**Student:** 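To start, I am sharing the structure in question, which I have written as structure tokens.
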Amino acid sequence: MANFFPRFTNVLPLQIAVCIAALGVGVAAAFTYYATPKSTRVGYQPDQPIPFSHKIHVDQLGLDCRYCHSFVEYSGHSNVPSSNTCYNCHAHVKTDSNLLEPLRQSVATGKPIEWTRIHVSPDYVYFNHSAHVNRGISCQSCHGEVNKMDVVYQAESHSMGWCLDCHRAPEKHLRPNAEVTNMEYDPVEYITKHGIRNEEGDLMDADEFGLHLREKWNVQPKESCSTCHR
């Protein structure tokens with residue numbers, strides 16, 4: 001009896017098995033990478049042209065975030081301070097420091113310092129800083145305790161799931177607008193100081209206060225794809 005199938009089909013099961021195995025390895029490798037902080041740059045801490053310490057400038061000296069990042073309340077993008085902004089102080093402070101030579105050169109030549117960007121959103125992601133800051137989302141919610149960092153690193157994943165978690169429960173992160181750049185903000189302390197009470201007349205707890213702010217400002221973050229992918 002003649003063979004019904006062509007000769008090459010003898011190796012077809014082996015080829016299918018190899019393809020399935022390769023696909024399995026690919027899926028496993030992709031999951032291992034994309035389901036871990038490796039894909040979201042958590043912990044990324046590059047060297048910078050000047051070793052700028054937020055711990056000294058913010059935590060010790062009390063410098064307001066908006067002095068350096070002056071666009072954050074008005075623009076979709078937060079800005080890195082210009083050399084002139086830094087030199088407003090360092091024309092008088094640490095004037096002989098070798099570490100600040102790149103700053104002095106930048107001011108003299110007009111060439112910007114080439115800082116290494118840490119928090120980078122993909123081109124297909126739309127994020128507006130001012131929309132978040134002006135509705136009570138603090139720097140710390142997205143960037144961690146920057147005021148404690150001698151060297152800035154990426155503290156949060158900024159993944160899609162991470163953003164959606166906040167959009168689904170923004171009350172966990174909301175603050176009064178005046179407290180957005182307060183790195184020492186404590187909701188319980190704030191509630192007690194201002195005597196903020198619920199309908200029963202009791203002082204609110206932190207969760208109640210967050211829900212109160214959400215209702216007061218009618219904060220209703222969208223979860224549709226077009227919100228961030230425009």
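These figures come from a predicted structure and were not determined experimentally. Sequence positions, counted from 1, serve as the residue numbers for this chain.
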**Student:** Could you tell me which non-hydrogen atom of P51 sits nearest to which non-hydrogen atom of L99, and how far apart they are?
**Tutor:**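 In terms of heavy atoms, the two residues are closest at CG-CD1, 4.0 Å.
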**Student:** Identify whether L211 and V219 are in the same connected component of the hydrophobic contact network (ILVMFWY, side-chain heavy atoms under 4.5 Å).
**Tutor:**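 Each belongs to a different hydrophobic cluster.
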**Student:** Test side chain to side chain contact (heavy atoms under 4.5 Å, CB included) on M183 and Q140; report intermediate values, then the result.
**Tutor:** CA-CA 7 Å; M183 298 293 105; Q140 289 176 317; 3.7 Å; yes
**Student:** For I118, is there any backbone N or O sitting under 3.5 Å from a side-chain donor or acceptor partner on R41?
**Tutor:** yes
**Student:** Where the side chain of H129 meets the backbone of S75, is there a donor-acceptor pair that is under 3.5 Å apart?
**Tutor:** no
**Student:** Testing the basics here: between W217 and P176, what is the closest heavy-atom pair and its distance to 0.1 Å?
**Tutor:**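 Shortest heavy-atom separation between W217 and P176 comes out as CH2-CA, 3.8 Å.
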**Student:** Do other residues, nucleotides or ligands put more than 12 heavy atoms under 6.0 Å from the CZ atom of F71?
**Tutor:** no
**Student:** Has the side chain of N147 got a donor or acceptor atom that lies under 3.5 Å from a matching backbone atom of H54?
**Tutor:**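 Side chain of N147 to backbone of H54: no pair is present.
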**Student:** What distance do E223 atom CD and L164 atom CG have between them, rounded to the nearest 0.5 Å?
**Tutor:** 6.0 Å
**Student:** Are any non-hydrogen side-chain atoms of D205 and V188 less than 4.5 angstrom apart?
**Tutor:**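 SC-SC contact between D205 and V188 ruled out.
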**Student:** Using side-chain heavy atoms (C-beta onward) and a distance below 4.5 Å, is N218 in contact with Q220?
**Tutor:**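 Side chain of N218 against side chain of Q220, heavy atoms only: contact under 4.5 Å found.
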**Student:** Looking at H77, I'd like to know if its NE2 atom is crowded, meaning that more than 12 non-hydrogen atoms belonging to other residues, nucleotides or ligands lie closer than 6.0 Å.
**Tutor:** no
**Student:** Just wondering, do C228 and K222 contact through their side chains at under 4.5 Å, heavy atoms?
**Tutor:** no
**Student:** Would you indicate whether the side-chain heavy atoms of C142 and H173 approach each other to under 4.5 Å?
**Tutor:** no
**Student:** Calculate, to the nearest 0.5 Å, the distance between atoms CD and CG belonging to E208 and L213 respectively.
**Tutor:** 12.0 Å
**Student:** For residues S138 and Y185, determine if any side-chain heavy atom of one lies less than 4.5 Å from a side-chain heavy atom of the other.
**Tutor:**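 Result no, sub-4.5 Å side-chain heavy-atom pair not found.
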**Student:** Within the supplied structure, the quantity of interest is the number of heavy atoms (other residues, nucleotides, ligands) at a distance under 6.0 Å from Y153 OH; does it exceed 12?
**Tutor:**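 Counting neighbours around OH of Y153, 12 or fewer heavy atoms of other residues, nucleotides or ligands fall under 6.0 Å, so no.
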**Student:** Counting distance only, does the side-chain N/O of H69 pair as donor-acceptor with the main-chain N or O of N79 below 3.5 Å?
**Tutor:**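 Here the side-chain-to-backbone pair exists.
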**Student:** I would like to know whether F52 and V152 meet side chain to side chain contact (heavy atoms under 4.5 Å, CB included); could you show each step before the answer?
**Tutor:** CA-CA 9 Å; F52 181 89; V152 174; 5.9 Å; no
**Student:** Give the cluster check for I113 versus L63: same hydrophobic cluster or not, with ILVMFWY residues linked at side-chain heavy-atom distances below 4.5 Å.
**Tutor:**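 I113 does not cluster with L63.
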**Student:** Short question: side chain of R175, backbone of N182 - any donor-acceptor pair under 3.5 Å?
**Tutor:**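 Checked: pair present.
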**Student:** Indicate yes or no: at least one non-hydrogen side-chain atom of M160 is less than 4.5 angstrom from one of H229.
**Tutor:** yes
**Student:** Please name the pair of heavy atoms, one in N177 and one in G136, separated by the smallest distance, quoted to 0.1 Å.
**Tutor:** OD1-N, 3.2 Å
**Student:** Applying a strict under-4.5 Å side-chain criterion to I, L, V, M, F, W and Y, I'd like to know whether W162 and V133 cluster together.
**Tutor:**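 Per the 4.5 Å side-chain linkage, W162 and V133 are not co-clustered.
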**Student:** To the nearest 0.5 Å, what is the distance between CD1 on I50 and NE2 on H90?
**Tutor:** 8.0 Å
**Student:** How close do D150 and S53 get, counting heavy atoms only, and between which atoms?
**Tutor:**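 Result for this residue pair: OD1-OG, 2.8 Å.
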**Student:** So L61 and I56, do their side chains get closer than 4.5 Å, heavy atoms only?
**Tutor:**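 A side-chain contact under 4.5 Å exists here.
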**Student:** Using the six-membered ring wherever Trp is involved, compare the ring planes of H212 and F209 and label them parallel, tilted or perpendicular (cut-offs 30° and 60°).
**Tutor:**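 Answer is parallel, since the angle falls under 30°.
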**Student:** Using side-chain contact (heavy atoms from CB on, under 4.5 Å) as the criterion, list what pairs up with D165, not counting sequence neighbours.
**Tutor:**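 So D165 forms a side-chain contact (heavy atoms from CB on, under 4.5 Å) with R168.
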**Student:** Under a 3.5 Å distance rule, please check whether E156 uses its side chain to pair with a backbone N or O of S141 as donor and acceptor.
**Tutor:**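 Not at all, since once roles are kept as given, no pair shorter than 3.5 Å links the two residues.
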**Student:** Going from CD on E171 to SG on C166, what distance comes out if it is rounded to the nearest 0.5 angstrom?
**Tutor:**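 The SG atom of C166 is 9.0 Å from CD of E171, to the nearest 0.5 Å.
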**Student:** If you look at every heavy atom in C139 and T181, which pair is closest and at what distance?
**Tutor:** SG-CG2, 4.4 Å
**Student:** Filter on side-chain hydrogen bond (donor to acceptor under 3.5 Å, both in side chains), then keep only pairs touching residues 107-125, sequence neighbours left out; what's left?
**Tutor:**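 side-chain hydrogen bond (donor to acceptor under 3.5 Å, both in side chains) check on residues 107-125 returns H119-H143.
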**Student:** CZ of F127 to OG1 of T227: how many Å apart, nearest 0.5 Å?
**Tutor:** 13.0 Å
**Student:** Going from CG on L203 to CD1 on I191, what distance comes out if it is rounded to the nearest 0.5 angstrom?
**Tutor:** 8.0 Å
**Student:** Could you note down all residue pairs passing side-chain hydrogen bond (donor to acceptor under 3.5 Å, both in side chains) where residues 93-108 supplies at least one of them, sequence neighbours left out?
**Tutor:** S83-S106, E101-R104, E101-Q105
**Student:** Quick check: do V120 and Y44 have side-chain heavy atoms less than 4.5 Å from each other?
**Tutor:** no
**Student:** Verify the distance criterion only: is there a donor paired with an acceptor across the side chains of T85 and S82 at less than 3.5 Å?
**Tutor:** yes
**Student:** Could you pull out the closest heavy-atom pair between S157 and V42, with the gap in Å?
**Tutor:** CA-CG2, 3.5 Å
